There are 2 protein chains.
Amino acid sequence: MTRSGEFELDADEIVAAAIVILQERGLDALSMRNVADRLGVSPMPLYTRVGNKAALIDAVADHLLVDLAPAAGAGEPWPDYAERWCRELRHRLKDTPDSRLYLGAAREPYVEASRPLIAALRDGGLSAEAAVQACRLLMWATVGFVAMEQGSTPPAAPRARRDALSGGNPTGVTPEEADELFDLQIGFLTAGIAGMHGGDATGG
Amino acid sequence: MTRSGEFELDADEIVAAAIVILQERGLDALSMRNVADRLGVSPMPLYTRVGNKAALIDAVADHLLVDLAPAAGAGEPWPDYAERWCRELRHRLKDTPDSRLYLGAAREPYVEASRPLIAALRDGGLSAEAAVQACRLLMWATVGFVAMEQGSTPPAAPRARRDALSGGNPTGVTPEEADELFDLQIGFLTAGIAGMHGGDATGG
DNA sequence: ACCTGAACACCGTTCAAGT
DNA sequence: ACCTGAACACCGTTCAAGT
């Protein structure tokens, strides 16, 4: 039994404090000194526990990107599940306060999110290789779409000289148009995958 | 006739110096002081000419993103041109040293790049509205794909604890696989557009 | 062993002072 | 009018010194 520490500062608390600052003031305002101040310590303990700022941001990203994908329903046809998977992924990524967090993220959250979709595609009749490729296609399309939709640093960095017609993305698309565009894209890709592999679209 | 200035420091020279630093050391290493030092001046003249750092980065992005799209060939069927347009756009974006530059970029470079593709789609029989939507679909898919492919800050920020299996993107995909994935995506989207609008795919 | 405070080498930005 | 140098309020990171 280890002696019960009076200072229970561990990596999770540091990450939690970082996330609060991230959500309140944005990624650009997140600093090691910020986090240390909020925890009432000097910066040094952060370095001994999480390494450095890049590692802290990685840990924050990992924390924000857990359970990224929904589970498949029983008997759900894979094209239905694939589209639902993409929509849910998009929704979760849009809640992430800065696209750098998921664009620079480690591989694990994406690998984990891929598993149920790959399984559903295999159930639908695709080969292992085809399922992996189809999953990657949908994932890249979805993550990339949201990155484009969010722009690089939207919320906490109100930039000058930018006429904010639609609020962030560089092409002046309204949220409704973005939704429509996303559904169109995912529909075309799902149809392409189905057409290419001729899988049984009625599920297991 | 204005008197010939001895100091011919203008905004273009500032942008040019910034681009050199950007290409040598990456976006994170670009600073107002850096640029001023390279030009042999104090930081103040930069502020009077370009405003602030965000405006400088905007100007750098504008400069890097001119002439983003290839022109259509005479009599080139629109699906061929659309795929070539996407591939060329991807190529140009991959040459941009940091995804933040095109994800946070102003609207103009994208509007300009859209024009010839929209014209080609209209020539192919799509309505104005359908052509705009199809162009957006391909553009978002392409820009998003490259953002995912490049990760957030690949070259000049070698991060620790990242096993560099494939060198940047968060999903462990080799360059060859990325090329294949991109062609697949663009092919599916082009087919979807053609199928939706039943345009005459043989061009004008 | 683990913390604090000071320090180093940077930032973006501004301002008084020079010319 | 336009520049410079110093300054202010920050950074990430490290290190000597304390307990």
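As the structure is a prediction and not an experimental result, all values here were calculated from the model. In what follows, chains carry the letters A, B, and so on, assigned in the order in which the sequence lines appear, proteins first and then strands, with residues in each chain numbered from 1.
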**Study point:** Salt-bridge criterion met for B:Asp58 and B:Lys53 (N-O under 4.0 Å)
**Key:** no
**Study point:** Euclidean distance, atom CG of residue B:Leu39 to atom C1' of D:dC2 [Å, nearest integer]
**Key:** 16 Å
Check your understanding: Counting just side-chain N and O atoms, does A:Asn52 come under 4.0 Å of either OP1 or OP2 of D:dT14?
Key -> no
Review point. So how far is it from A:Asp95 CG to A:Tyr102 OH, rounded to the nearest 0.5 Å?
Key: 10.5 Å
**Study point:** Atom-to-atom span, CG of B:Asp28 to P of C:dC11 - whole angstrom
**Key:** 12 Å
Review point. So which nucleotide does D:dC11 pair with, by the Watson-Crick or G-U wobble rule with both distances under 3.5 Å?
Key: none
Check your understanding: Given atom CG of B:Asp37 and atom P of C:dC10, what is their separation to the nearest angstrom?
Key -> 10 Å
**Study point:** Complement of C:dA1, any strand, by Watson-Crick or G-U distances under 3.5 angstrom
**Key:** D:dT19
Check your understanding: What is the distance from CZ of B:Arg25 to P of C:dC10, rounded to the nearest Å?
Key -> 9 Å
Practice item. Could you tell me the separation between the CG atom of A:Leu30 and the P atom of D:dC11, rounded to a whole number of Å? Key: 10 Å
Check your understanding: Is a donor on one side and an acceptor on the other found under 3.5 Å between the side chain of B:Arg49 and the backbone of B:Leu9?
Key -> yes
Study note, to complete from the structure: Result for 5'-nearest mapping on DNA chain C, choosing between A:Arg33 and A:Val41, is A:Val41
**Study point:** Closest to the B:Met44 side chain, choosing from C:dT4, D:dT4, D:dT13
**Key:** D:dT4
Check your understanding: Hey, does the side chain of B:Asn34 come within less than 4.0 Å of C:dC10's phosphate (OP1/OP2), counting only N and O?
Key -> no
Practice item. To the nearest Å, give me how far apart NZ (B:Lys53) and C1' (D:dC11) are. Key: 11 Å
Review point. Using atom C1' of each nucleotide, how far apart are C:dA7 and D:dC11 to the nearest Å?
Key: 14 Å
Exercise for review: Return the nearest nucleotide to the side chain of A:Arg49; candidates are C:dT13, C:dC3, D:dC11.
Suggested key: C:dC3
Point to revise | Nucleotide of D:dT14, C:dT4, D:dT4 approaching A:Tyr47 most closely (side-chain heavy atoms) | key: D:dT14
Practice item. List the steps and the verdict of ring pair (Phe, Tyr, Trp, His ring centres under 6.0 Å) for A:Phe188 and B:Phe188. Key: CA-CA 6 Å; A:Phe188 287 167; B:Phe188 286 167; over 10 Å; no
Point to revise | Atom-pair distance (CE on A:Met32; P on C:dG5), nearest Å | key: 18 Å
Review point. D:dC3, C:dT4, D:dT13: which one has an atom nearest the side-chain heavy atoms of A:Pro45?
Key: C:dT4
Check your understanding: Once you round it to whole Å, what is the distance between C1' of C:dC11 and CG of B:Leu56?
Key -> 14 Å
Check your understanding: Does OP1 or OP2 of C:dG12 have a side-chain N or O of B:Ser31 closer than 4.0 Å?
Key -> yes
Check your understanding: When you look at A:Arg92 and A:Leu65, which way does the side chain to side chain contact (heavy atoms under 4.5 Å, CB included) test go after all the steps?
Key -> CA-CA 8 Å; A:Arg92 286 291 308 279; A:Leu65 300 178; 5.6 Å; no
